[in-house]
Amino acid sequence: VSAHEPADIDSALPARLAAIVGARHVSTAAADRLAYARDVFPPALVAMRAGGPGHPPDLVVRPGRAEEVAGVLRLASELRVPVVPYGGGSGIAGAALAIRGGIVLDTKRLDRVLDIDETSLTVRVQAGVIGAHLEEALNAKGLTLGHSPQSMRSSTVGGWIACRAAGVHSTRYGKIEDMVLALEAVLATGEIIRTLDAPRSSTGPDLDQLILGSEGTLAVVTEATLAIHELPPHRAYDGFLLDSLEAGLEAVRLVMRRGLRPPIVRLYDAEEGAHLLERAGTEPGPAALIVESVGTEDEVARELELIARICADQGARRVGGGLGRIWESRRFDTTGLLTAMREGGIADALEVAAPWRRLGPLYRAMRARMAVVAGPEGLVLGHLSHAYPTGGNLYMIFRMGDPDGYSRMLEAAFAACRDHGGSISHHHGIGLGKARWMAQEHGQAGLEALGRIKHALDPAGILNPGKLWLNPGKPGL
Amino acid sequence: VTDFRRALVCHDQCVADSPAITVHRTTTLAPSRLALIADRLASGALSWDLDVARLAHLALTSDRERESCICGLDLTGLSWSLRAEAARRDLLPDSVRAVRRDWEARAGPFALAESPRPDGPVEVVHLIDSVALWLAPDSVRAAERLLPSAASVHATAGFELYDLGLVDEARTALAETIARLRALPAVPVVTVSPGAVLMLTEIGPRLGLEPVEAMPLVSRLETRPAVRPQVVTFHDSSLLGRRLGVLEPPRCLLRALGHEVVEMRRTRERAWPSGPRLGYPDPDAARAMAAARVEEAVATGARILVTASPQARHNLAAVGGIEVRDVVELVAEAFGEASG
């Protein structure tokens, strides 16, 4: 069924799993296996659209408690059956694909918001809660997590933690790793780790940060305590047109250096900005910047005025909040990427990160090399959407007619990324698609160190094998 | 086919708005995955079996996902197609088989009463759908009090059969209903059953039957102030709200009665369904959906949870914890109290 070596499944496995989680929460039905045979990894989507089998697991298991997760993992370790944790299945790096069959462990029965502490401003939530539902529960109490990725209607809290996700408000509230205060996670050998939700500690290495971003290869996250915030009473957009992307990057750098923290900072290059400007009825330009400010009305007005002054110094023309409102009205609409794949091509969004000094050159280099691979019929677009005092991320989006060119595109993009000292993933994670660039990112010694940690925590190698390039000798793709 | 094939490449932006996933907590019920299953059934890569048929029935036909779908997928239409094919292959969950048995015996929800012959001029025909009467007799009786000069027709319009994929049975039921309506003078048909309206106006023509002008009674009512104004909240049923687009008339009626209408968190087109219809294979899940909706209603502080759908009234009233009424009942009481 899969292109990779299948798991050796004991015929008694379904019954033994049923004894742990209940018979109705174990399925070997063909329809269930088909449903879990994909996530949103573009090559997997394209292959399934063409009629391919995808990567169906042998079984789907849906535990309802951490103790049940522990039982499943103990049994899988004993029988050496792969286990792939599966939240919303919204990841675009292929981390949730059961490339060696085995068990898909769906976390969506872990779906409770356990406690909202309005005094300490924390929320304790199970890993299978869908992002939008968590935010609704917080908003009902005048609170927000401040984490709203484009996938928040389909992704889960556990999925965010698994890939170190970022939401569109990250410039103010941070990425998910900045929000995690404590985790409950189950090791492959069945032990349950519960870390403390103290605001900071000095008690040795941070287990939360080790598990964050491990994409289900080191442990299965079952619960998290996250920092939350008051819902701002007022928010407003502003927008600016600039003479170049570099001028925009400089403006954003100075905004961050000034200590301002607008939740939304989106700087578009000419190609990507063109669609937005056209909808706004504005003449196309080399770069467009959207910022959103939150707080009291006075705070918002003051922050937007300071940002406007910084942008003016970079030669920007202020165009008001219309661009931001148009962006917001379409913020969940990913039709552009989907259309390319529906028409037989392929598309993806590569999200890299680098310090400010290297970010402009990185953009130019990636764009140039990607454009060669995309060809005259293809398209390469870029924007920045997560900014820090020390640097920012770049979204490099491509569409091309030939799906087989996907690997060549990533090769070109990540070679440019390497040459300019960028990280190959800011928040989508590595999964399957970027696994073979892990040594480029971490160095051989670094990657081997990660492999040794993996082996110590998961001696049978059952947890999400083939992902993150942590299983030496068994490449992902 | 084009419609559901588009959803094979999908970012699943509708998952949070999918009641079936919220209650069953499985990716298999994601609209894009149901589209994938349909595609593989069509190509023969996946075989029909009872598991697949059960899935088609677990997927709700509430249209709730459409609000956030970026693929243009008509999940309700897809589910109806899958259910119809399952029925054609006689792959029916026990719960659906039981509904079909009731239909064949004209028992339970399909038991029919005699329609009284109208005497004098007929201004309107009141279609009393047998399923509506079975689910919410108080709603139907209230409608009868409000329509003293109407000609009543007791019949089964067949929406619940169609919803379960029992297409032949639905066509038979609807044809019988239309024949009885056609025997009366050509006047507008009103009913408390949104499903009956849908059958007469939209689904009937797709089944090869002539459309009949019909409307939900709630769209035609006028009222007067109630004697005891209350704080109420209104549940928009999937059929009345999303399918028929009747969103404001019931609220206007409630305000005209003097009630204060407070809104639930998910309201109008975005209203969460009260649960599934007849024949749903998972009663626990059905109860959970209704309970979640009642919880939303209670959170508003409303004294009465009002709806305008016999199915929704039935589902919500079964939960308890808040008084559940049909808007038609409140209107009838206002007239009764004012005149009595």
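Throughout, a chain's letter reflects where its sequence line sits, starting with A, and its residues are numbered from 1.
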Review point. Where do B:Asp12 and A:Ser154 come nearest, in terms of heavy atoms and distance?
Key: O-CB, 3.0 Å
**Study point:** Residue, of A:Asp32, A:Asp106, A:Val104, A:Val40, that accumulates the most heavy atom pairs under 4.5 Å with chain B
**Key:** A:Asp32
Review point. Contact part of B:Thr26 toward chain A, heavy-atom cut-off under 4.5 Å: side chain, backbone, both or neither?
Key: both
Study note, to complete from the structure: Residues B:Arg33 and A:Tyr86: closest non-hydrogen pair is NH2-OH, 2.9 Å
Point to revise | Minimum heavy-atom distance between B:Cys71 and A:Arg342, given as atom pair plus value | key: SG-NH2, 2.9 Å
Review point. Checking heavy atoms, do the side chain of B:Asp51, its backbone, both or neither come under 4.5 Å from chain A?
Key: side chain
Check your understanding: Can we say A:Arg24 and B:Asp282 salt-bridge, meaning some charged N sits less than 4.0 Å from an Asp/Glu carboxylate O?
Key -> yes
Revision key, fill the gap. Of all heavy-atom pairs linking B:Arg40 and A:Gly51, the shortest is NH2-C, 3.5 Å
Check your understanding: What part of B:Arg54 lies closer than 4.5 angstrom to a heavy atom of chain A: side chain, backbone, both or neither?
Key -> neither
Check your understanding: Just by distance, do the side chain of A:Arg62 and the backbone of B:His24 share a donor-acceptor pair under 3.5 Å?
Key -> yes
Check your understanding: What's the shortest heavy-atom distance between A:Ala31 and B:Thr28, and which atoms?
Key -> O-CG2, 4.1 Å
**Study point:** Members of residues 127-138 of chain A whose heavy atoms come closer than 4.5 Å to chain B
**Key:** A:Ile130, A:Ala132, A:His133, A:Glu136
Review point. Checking heavy atoms, do the side chain of B:Ile70, its backbone, both or neither come under 4.5 Å from chain A?
Key: both
